[in-house]
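Presented below is the structure to which this report refers.
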There are 2 protein chains.
Amino acid sequence: MSKPNQSASEPNQRTNEPNQRTGAPKQTAGKKKPQVSPSPERRRELLGIAADVFAEQGYNATTVRKIADAAGMLAGSLYYHFDSKESMLEEILRTFLTELWDGYDSVLQAQLGPRETLEALVTESFREIDRHRAAVAIYQKESRHLVAQKRFQYLSDSQQRFEKAWLTTLERGVAEGVFRDDLDIRLAYRFVRDTVWVAASWYRPGGGHSPEEIARQYLSMVLDGISVRT
Amino acid sequence: MSKPNQSASEPNQRTNEPNQRTGAPKQTAGKKKPQVSPSPERRRELLGIAADVFAEQGYNATTVRKIADAAGMLAGSLYYHFDSKESMLEEILRTFLTELWDGYDSVLQAQLGPRETLEALVTESFREIDRHRAAVAIYQKESRHLVAQKRFQYLSDSQQRFEKAWLTTLERGVAEGVFRDDLDIRLAYRFVRDTVWVAASWYRPGGGHSPEEIARQYLSMVLDGISVRT
DNA sequence: ACACTTCCCTAACAAGTGTTTGGTAGGTTA
DNA sequence: TAACCTACCAAACACTTGTTAGGGAAGTGT
């Protein structure tokens, strides 16, 4: 947004003179990090574009040429900023999870009651969906395949912390008599978790509902159900 | 299962004599359907294997060589039974949706009350997840990208029938006073729809819970909520 | 014995993939 | 003016992808 990307399907052309060379040999030496220092602002800008394409087309179906096209440049130019396609994915998800846990931790440290904790966590989740909907969509679709790789182990770490936080909250609620005790608590956990995060697949910001409004309605359904009280 | 697939990573070798040829020209003539007639049983068997791989790795990340490997044969051999990778996907999803609507239609034609209809639809959904969990997982992950293609238009057709059936049921419930009228009905629809189908991402048959048992607990949460009655 | 069918293998193809390398326009600093 | 840095282009590379073509082994019917 800071720089106007011209036509977005035509690559930059600052010169029209083609540039012929004749084959360079390949040498697979040890890992060489480039000596250059790309600006972090441009990095974030490109990651935002990449995240949108990943979210819309899926990671594997997204080619680096499509990303470059959306950014108004050529595929190889991306490698000035990032050293692989997977690195982009990794940075997108890592940034998202870092900010997510910033919010969660402040909720958990507030030492609220079980019901208030649940309400705060759900509301916070919808705010994150509002801010990182592309990253959330990617996380939903790809995390299952990625947890196997050691590079993405922070995904399963996060998943475990997530599960622990929710289960603890639910158990406390049952012990204190604010949540029903006749339900499988593990099932209830998956229920709450899924109902929140799948919203990212259809939620579009500026669609009449604020994150807080959606959270309020979701909480109303999860806590009190959709049937009338008898 | 009817035929023991040997080692599953070693292709069949009925002869050890290599077979050399020297380049055949490519001719892209009009669509030629093969004159052969592969058995439908073997087709279904292979589709089941392909569905498992698709569900686990994602459609785009799944190569035809992986499918063939899981089936104990080589990539090219799949094309004796199917004419493309996409055809396999199409047949998997079409078969699933056909059987799904068989179940739904019999529920809808029973003319039950809104609450009973909702209960029956949810229970039927969990039964379908139990029988077609691979297809359901594929549907969840890939349908969003596929609806654009005309070949998969039956996906959006199904989606519309789905939405109509659920919205009608919910509206009837509100009108008859069995469902709450203070909720956004469209949000409630997405809520119910998503809570049911995401279960396919973690559900594994034979895991202690029968489909009916899971349906019972889900319905209890959706209808009455997880908080205790005051 | 022969023809025929079913089902798979061998071997390649063209298109597309992520990635690397060298070059260079434009700006900033000395 | 010269040296330097940032951010990109142009062109190729090795490899993987879905797909095709021809051939052959085992079984079945005649």
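With rounding to whole Å, A:Ile49 atom CD1 is found 14 Å from D:dA7 atom P. Spacing between atom CZ of B:Arg42 and atom C1' of C:dT6 amounts to 12 Å, rounded to whole angstrom units. Between the CG atom of B:Leu74 and the P atom of D:dT20 there is a distance of 17 Å, rounded to whole Å. For B:Met88 and D:dG18, the CE to P distance is 9 Å, given to the nearest whole Å. Atom P of nucleotide C:dT10 and atom OH of B:Tyr79 are separated by 18 Å, given to the nearest angstrom. Rounded to a whole Å, the NZ atom of B:Lys85 is 4 Å from the P atom of D:dG18. Rounded to an integer number of Å, the gap from OH of B:Tyr80 to P of C:dC7 is 4 Å. Straight-line distance from the CD atom of B:Gln57 to the P atom of D:dT16: 16 Å, rounded to whole Å.
Legend: salt bridge (charged side-chain N to carboxylate O under 4.0 Å, His left out) pairs involving residues 91-106 of chain A, not counting sequence neighbours, sorted by first then second residue: A:Arg43-A:Glu91, A:Glu90-A:Arg94, A:Asp105-A:Arg161.
In this structure, the side chain of B:Ser156 does not engage the main chain of B:Gln159 through any donor-acceptor pair within 3.5 Å.
Under 3.5 Å, the side chain of B:Arg65 and the base of D:dG18 form at least one donor-acceptor pair of N or O atoms.
Taking only side-chain nitrogens and oxygens, A:His81 never comes nearer than 4.0 Å to OP1 or OP2 of D:dT6. For the OP1/OP2 pair of C:dT6 and a distance below 4.0 Å, the side-chain nitrogens and oxygens of B:Ser39 include no atom meeting the criterion.
Of the two residues near DNA chain C, A:Thr63 and A:Ser77, the one whose nearest nucleotide lies more 5' is A:Thr63. For the pair A:Gly76 and A:Lys66, both in contact range of DNA chain C, the more 5′-proximal nearest nucleotide belongs to A:Lys66.
For B:Glu212, the CD atom sits in a packed shell: over 12 heavy atoms of surrounding residues, nucleotides or ligands are nearer than 6.0 Å.
By the side chain to side chain contact (heavy atoms under 4.5 Å, CB included) test, B:Glu56 is found to be paired with no residue, residues two or more places apart in sequence or in another chain being considered.
Residue-level contact check: B:Ser87 touches neither bases nor backbone, having no heavy atom under 4.0 Å from any strand.
Ring-plane geometry between A:Trp197 and A:Phe162 is classed as tilted, the angle between the planes lying from 30 to 60 degrees on a 0 to 90 degree scale.
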